[in-house]
Number of protein chains: 2
Amino acid sequence: MQTMQKLKAVGVKPSITRIMIYDYIFSTKDHPNVDEIFITLKETLPTLSKTTVYNTVHLLKTHRLIKAYAMPNHEMRYDANLDVHAHFLCASCGQITDVLIDVCDIVQTVISENCIDETVITFHGTCSKCQTSV
Amino acid sequence: MQTMQKLKAVGVKPSITRIMIYDYIFSTKDHPNVDEIFITLKETLPTLSKTTVYNTVHLLKTHRLIKAYAMPNHEMRYDANLDVHAHFLCASCGQITDVLIDVCDIVQTVISENCIDETVITFHGTCSKCQTSV
DNA sequence: TACAAATTTGTATTCATTATAATTTATATT
DNA sequence: AATATAAATTATAATGAATACAAATTTGTA
């Protein structure tokens, strides 16, 4: 489904700025923060305002087109991959990678008394690349 | 083990301020942020400085006496419960509760190529109390 | 083409957090 | 006990992420 259709489907006007912001988040595998999105897109949108990026990621998040992840270093990072998955966060290089994982039987233990609609799993450690460069 | 011993064991001078900050985080089940710690302890430590609270939680975190959890609303919250567990975060009331969970077989799927030293699991949803007050 | 609505821009403001310097407290030494 | 030194705490300034706000611009419709 094209970005324009995705935005229209949730009632968000698909302006070029919004499409580019969403496409960047969707295509990068780096879970960017607002500053990274801003710096990257400013190359092709020279008049882009940082406030627009803040407003747009908030809009996309509110309409469940992206998800926000709060990092231990106070950064807020964004992910357009809505499939159920976990993240691996390397303490050395800061890289965040998606980890496919089945959360069904994890959720079982808490679903009996609470209503769960999302499970966030983050593995902290050292990635294989940083381990070999010690 | 008493707080004073815990602090000494990791090479941290067990001043009364530090003991009280640690004890508060340890005893409360609310995973407080810096502002909550500060406001609460100011009642018994009238000259307490917010900078001291920031410095002390950073010290305790660095010495692995407490853990920090970044919340979706940008808050950084602290937990002195070092046992392996997950959290349940209620989207309605904001309450964070500990959830006992076995993460061993969750870690299996990613341990083969990365070095994992911590797994953070957060369940998002609506707690039973907020469900009944709809 | 005119107009209204929406989007974007740019600046000011807020607030969490850190940096810094001064003061106070604790410890070591004489 | 007094003094020197180190560490802790305090208070203020500074930083930077994020939000608020008003103005300008763009888009869509009549």
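Below, each value reflects all heavy atoms present in this structure, side chains not excepted, and no hydrogens, waters or symmetry copies. Predicted model, so just to flag it, every value in this text is computed and none were measured. Below, chains carry the letters A, B, ... as their sequence lines are ordered, and counting in each starts from 1.
In this structure, I37(B) places its CD1 atom 14 Å from C1' of dT17(C), rounding to the nearest Å. The interatomic distance linking K50(A) (NZ) with dA12(C) (C1') rounds to 15 Å, in whole Å. Atoms CD1 (I19(B)) and P (dA26(C)) sit 12 Å apart, rounded to a whole Å. Atom CE in M76(A) sits roughly 14 Å away from atom P in dA16(C) (whole-Å rounding). The nearest whole Å value for the distance from the CG atom in N55(B) to the C1' atom in dT17(C) is 10 Å. One interatomic measurement links the two molecules: CG of L7(B) to P of dA7(D), which rounds to 17 Å at whole-angstrom precision. Rounded to an integer number of Å, the gap from CD1 of I16(B) to C1' of dT24(C) is 16 Å. E75(B) has its CD atom 14 Å from the P atom of dA18(D), to the nearest Å.
Neither OP1 nor OP2 of dG10(C) sits under 4.0 Å from any side-chain N or O of S49(A). Within the structure, every side-chain polar atom (N or O) of Y54(B) is placed at least 4.0 Å from both OP1 and OP2 of dT18(C). OP1 or OP2 of dA6(C) has not a single side-chain nitrogen or oxygen of R18(A) nearer than 4.0 Å. An OP1 or OP2 oxygen of dA6(C) is reached within less than 4.0 angstrom by no side-chain nitrogen or oxygen of S15(A).
Candidate nucleotides dA18(D), dT9(C), dT10(D) were compared by shortest atom distance to the side chain of L48(B), and dT10(D) ranks first.
Ring geometry for H87(A) versus H31(A): interplanar angle over 60°, hence perpendicular rather than tilted (30 to 60°).
At a threshold of 4.0 angstrom between heavy atoms, the contacts of H74(B) are confined to the sugar-phosphate backbone, with no base atom among them.
Side-chain atoms of T28(A) never come within 3.5 Å of backbone atoms of Y24(A) as a donor-acceptor pair (strictly under, hydrogens ignored). No donor-acceptor pair under 3.5 Å is formed between the side chain of R77(A) and the backbone N or O of M71(A).
Minimum heavy-atom separation, L48(B) to K42(B): O-NZ, 3.1 Å.
Residue-environment remark: OH (Y69(A)) exceeds the threshold of 12 foreign heavy atoms within 6.0 Å.
Along DNA chain D, the nucleotide closest to D35(A) and the one closest to T51(B) are compared, and the more 5′ of them pairs with T51(B).
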